[in-house]
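Any value given below was found using the heavy atoms of this structure, including those in side chains, with hydrogens, waters and symmetry copies removed. Every value quoted in this text rests on a predicted model; they were computed, and no experiment measured them.
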Amino acid sequence: MQVQKTGNVTKFIFLGLSPNPEIQRVCFVLFLFLYMGILLGNSLIVLTVSFSKILGSPMYFFLSHLSFVEICYSSTTSPKLIADLLVEKKSISLEGCIAQVFFIHLFGGIEMFLLIIMAYDRYLAICKPLHYATIMNHWICGFLVGMAWLGGFLHSIAQILLIFHLPFCGPNVIDHYFCDVLPLLELACTETFFTGLLIVGNGGMLTVISFVILLSSYSVILFHLRGHSKEGRRKALSTCASHITVVVLFFGPCVFIYLRPNTTCFMDKMVAIFYTVITPLLNPVIYSLRNAEMKNAMRKLWVRALKEGET
């Protein structure tokens, strides 16, 4: 997509997390290790699901795609954040800024739809176990993941089209560490009230509707578990607890960003760090520590890798 240059702004300047050089150096080391943890943790899940024979169920298929999207999502902002912590002038071109907005909302939208699909998968597995294998076949699983990517693309392209025509005449300073639609609205040299409503409506309504669907599905699951055995309830609740934890971690920051007045504050940066760094880092931990099958498969994969290394 070729960005139309409107106004005289060709690049933007980030204020970053802090103007203090010492704090920036500490943040550089911290976020470098956190980002490496995101890459290693989520890659381990993708590899474990791909090479393990005991993790062939749709739940793990969707989990591997979620982990891959987490890597992409965090990689949209984290490398730029880490690199900028070492330089005094933190800048990004207009084209790079638009691309960053596009990919943030693309992967964020895909993750949102994947979480809904994973909730639907758990609903079928627990509430309709006799029909589960027939409904969630390989073709349907692939189709659902494809729909998640399509939904994320449509959400992202809608956000881009809303800011694509805005003129930026100056100033060009963004009080953040990455580009997003709401900070860009404040820099546009035109009236953006209606555009802001559409942007918040697009992102906010998608967030609210998705969250309501997820809450409803897990409520139905929990209600249905009353008739299961104690062991069956324990296993199902353990799996659902992991999903619900991830849903809360993902949707909490989204609600904060979209369902409030369009003003920037220091908390925006802290919330952004949470959903671009902390949540992608916690997801592998949540799904691995609470899942005996995943821990087993990881252990076997590690043992096999060591044996192959010795030979």
Side-chain angles (χ1 to χ4, degrees), residues 16-17 27-50 59-85 99-119 145 148-149 151-153 155-156 176-180 203 206-207 210-211 214 239 241-258 267-291 294-295 298:
L17 298 178
C27 287
F28 169 78
V29 176
L30 174 63
F31 286 111
L32 180 61
F33 276 103
L34 291 177
Y35 182 57
M36 289 173 61
I38 292 169
L39 296 180
L40 290 173
N42 286 286
S43 296
L44 182 59
I45 286 183
V46 174
L47 290 173
T48 302
V49 174
S50 300
M59 180 179 75
Y60 296 110
F61 174 75
F62 296 133
L63 177 58
S64 68
H65 280 274
L66 180 67
S67 294
F68 173 73
V69 170
E70 290 282 28
I71 293 173
C72 298
Y73 186 49
S74 184
S75 297
T76 304
T77 58
S78 294
K80 175 67 175 169
L81 166 64
I82 294 168
D84 281 347
L85 289 169
Q100 201 171 49
V101 172
F102 174 79
F103 286 111
I104 286 171
H105 287 272
L106 170 66
F107 295 120
I110 294 169
E111 181 169 353
M112 196 174 296
F113 291 118
L114 279 175
L115 289 173
I116 294 175
I117 292 169
M118 292 172 76
V145 169
W149 279 82
F153 175 79
H155 163 67
S156 182
H176 216 307
Y177 66 89
F178 68 88
C179 287
D180 203 357
L206 179 61
T207 299
S210 300
F211 192 52
L214 286 164
T239 303
S242 300
H243 286 277
I244 293 171
T245 303
V246 171
V247 167
V248 172
L249 290 174
F250 180 80
F251 281 93
C254 291
V255 170
F256 177 85
I257 292 296
Y258 285 107
M267 280 301 297
D268 285 355
K269 297 179 186 180
M270 297 300 101
V271 172
I273 287 173
F274 193 85
Y275 65 75
T276 60
V277 179
I278 304 302
T279 300
L281 180 67
L282 289 178
N283 280 2
V285 177
I286 293 168
Y287 282 114
S288 300
L289 293 182
R290 297 188 62 90
N291 192 305
M294 179 63 73
K295 287 188 287 187
M298 285 182 175

If I compare all heavy atoms of [X] with all of [Y], which pair ends up nearest, and what's the gap?
X: Leu34; Y: Ile278; result: CD1-CD1, 4.4 Å
X: Ser78; Y: Val277; result: OG-CG2, 3.8 Å
X: His155; Y: Gly109; result: CD2-CA, 4.3 Å
X: Phe31; Y: Leu85; result: CD1-CD1, 4.1 Å
X: Thr207; Y: Met112; result: OG1-CE, 3.8 Å

Would the distance check show the side chain of [X] and the main-chain N or O of [Y] forming a donor-acceptor pair, the cut-off being under 3.5 Å?
X: Tyr73; Y: Ile110; answer: no
X: Asp84; Y: Tyr177; answer: no
X: Ser210; Y: Leu206; answer: yes
X: Thr276; Y: Ser74; answer: no
X: Ser67; Y: Leu63; answer: yes
X: Lys269; Y: Gly16; answer: yes
X: Ser64; Y: Phe61; answer: yes
X: Gln100; Y: Thr76; answer: yes

Could you give the distance from [atom1] ([X]) to [atom2] ([Y]), rounded to the nearest 0.5 Å?
X: Leu81; Y: Leu32; atom1: CG; atom2: CG; result: 10.5 Å
X: Phe33; Y: Ile82; atom1: CZ; atom2: CD1; result: 11.0 Å
X: Leu66; Y: Tyr60; atom1: CG; atom2: OH; result: 14.0 Å
X: Phe107; Y: Thr77; atom1: CZ; atom2: OG1; result: 11.5 Å

> Above 12 or not: heavy atoms from other molecules or residues under 6.0 Å from CZ of Phe274?
Replying inline: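 Enclosed: over 12 neighbouring heavy atoms sit under 6.0 Å from CZ of Phe274.
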>> As a quick check of understanding, evaluate side chain to side chain contact (heavy atoms under 4.5 Å, CB included) for Phe211 and Val247, giving each step before the final call.
In response: CA-CA 8 Å; Phe211 192 52; Val247 167; 3.9 Å; yes
> Given the rule in the side chain to side chain contact (heavy atoms under 4.5 Å, CB included) test, do Val145 and Ile117 qualify, once you have shown the distances and angles that lead to the verdict?
Replying inline: CA-CA 8 Å; Val145 169; Ile117 292 169; 5.6 Å; no
